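What follows is a single structure, written as C-alpha cells, with notes after it.
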Amino acid sequence: MSDKLYVEQTINKIKPIDEASRAACMNYWNRMGKPLHSLGKMETLWAQLAGIQQTVHPLVAKRALVVMCADNGVVAEGVTQTGQEVTAIVAENFFDDLTCTSLICKKNNCDQFIVDIGMVSDTPRTIRRKIAYGTKNMVNEPAMTRAEALASLRVGIELAEQLKNEGYQILATGEMGIGNTTTSSAVTAVLLGDMISQRFRMGHVTSTGFNVGMDMCIETVTGRGAGLSDEGLERKKDAIRRAIAINQPDPADPIDVLSKVGGFDLAGLAGVFIGGAAAGLPVVVDGFISLAAALLAARIAPECAAYMIPSHQSKEPGAKLILEALHMEPGLCMDMCLGEGSGAVALLPFLDMAAEIYEHMGTFDDIHVEAYEDFLS
C-alpha cells in the first residue's frame, strides 16, 4: 500500500472521543467529598482520558515515550550553537540514563522508544526507521520531498499502532534534532500566519513579493532555541524568512508545509498523533517542537486533536500561540524549554495522582456530608 493511501486510511479510522464517558467521569468527580472543580485540570484531563479510552475508569499505568531523532540541513546557516553530531550523541545517551528525560522516565516507569527517523549518523541502539540522512537545507530547496513527508508520517503512525497492540495505554512525545526549533518556527509561522497577521492587522505584499505579515509572524514565533546569541537569533530568523520565500509553502496544505520547511522528526511525531488517535490512544504533547508537530497533525486530521493531552507551555514564543490555536491549556506551567519529551513525561505523575484520587477518594455519601451545588456550570 502506498504511504499516501496508508495515511489516508488511518485518518479515516479516527472517531470522535466518547463524550458520554467524559461527562460521566466529570459527574463522578462532582460526587467526591471536596469543593466542586477544586482539582482543576487534574479533573478535566482525567475526564478527557475517559472520553478517549471510552470508559469511566481510564488507565495510564503502561506508558511509553516516543522520541523521534533527526537532523536538519538548515544548521548550515549557523542557526544553532552546536553541530549535528550532538543529535546522535544525545540519542544514544537516552539508553544510558544520561539525559534529563531518560531519568524522568526511569522515575515514572515510562518505557522509551528512541527512533532514528533521519539522523545524519547511524547509531547502534536506536530503532532504525531512517527516511534519509538528514533533510536538505530548506533555505536553498525543500527540506524533503512530499513522498518523504508521507513516509515519515507513516513511521509515526505504525509505531503508535504497534504500541497500542503491545498494551500501552498512553504515549508521550519527544524529539532530538539539532536545528529543529528553526524548522518548528518556520512551520508555525506558515500555519498560524493568518491568525498572527490578523492580530497585527498586517498581510500586504512588498514589491519583492515577500509578505510583510509573514515577516511579522516569523518575528513573533521564533525564539532562541538552545540559547542563541542575538546575532544567532537574527541568522535564524533570516534563514526562516529565506526558506519561506524560496519554497512558498501552502498554508492550506499542511503536508506541503511539512515537506518544504519541516523536518523528519516533526513528521514522525505528527504521525504518532494521528496514529494514536486512530488507535484510541491518548498522546501527551511536549514542548514547542512537539506542539508544532501537533499543529501539523491537527491540520492534516482535525479529529486527532481531541486525543492530544497538553503537558506544559514551553518558553519558546511560538508555543503559546500553538496552544491557543489548538484550544489547549497546559497541565503544567514550569518555564521548561528542554524538549526531548521532558515536559510530556513530567505530566505523568500528575495523571497518576488524578488516578489515585479518582479511584479511592470518598464521595459525599461516603463521608456523610451534603453535596455542593454547582452554580458555575
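Just so you know, residue 1 is the first one in the sequence shown, and it goes up from there. A quick note: this is a predicted structure, and the numbers were derived from the prediction, not measured.
For K34, the salt bridge (charged side-chain N to carboxylate O under 4.0 Å, His left out) test picks out E43, with sequence neighbours left out. Annotation: salt bridge (charged side-chain N to carboxylate O under 4.0 Å, His left out) contacts of K136 (sequence neighbours excluded): none.
For an aromatic pair to be called close, the ring centres must be under 6.0 Å apart, and Y358 with Y28 satisfies this. Checked against a 6.0 Å centroid threshold, the rings of F264 and Y133 do not count as neighbours.
Salt bridge annotation for D18-R22: absent, with no cationic side-chain nitrogen under 4.0 angstrom from a carboxylate oxygen. E77 has a carboxylate O that lies under 4.0 Å from a charged side-chain N of R242, or vice versa, which qualifies the two as a salt bridge. In summary, K130 and D122 engage in a salt bridge, as defined by a charged side-chain N under 4.0 Å from a carboxylate O. Residues D238 and R235 are not paired through a salt bridge, judged by the lack of any N-O separation under 4.0 Å between the basic side chain and the carboxylate. Comment: R125 engages D96 in a salt bridge, judged by a side-chain N to carboxylate O separation of less than 4.0 angstrom. Under the 4.0 Å criterion applied to side-chain N and carboxylate O atoms, K237 and E234 are assigned as salt-bridge partners. The residues R129 and E158 are annotated as salt-bridged, a charged nitrogen and a carboxylate oxygen being separated by less than 4.0 angstrom.
Within the structure, the salt bridge (charged side-chain N to carboxylate O under 4.0 Å, His left out) test picks out no pair touching residues 278-307 (sequence neighbours left out).
Cluster membership check: L269 shares its hydrophobic cluster with I11, using side-chain heavy-atom separations under 4.5 Å among Ile, Leu, Val, Met, Phe, Trp and Tyr.
Closest heavy-atom contact between A226 and Q81: O-NE2, 3.5 Å.
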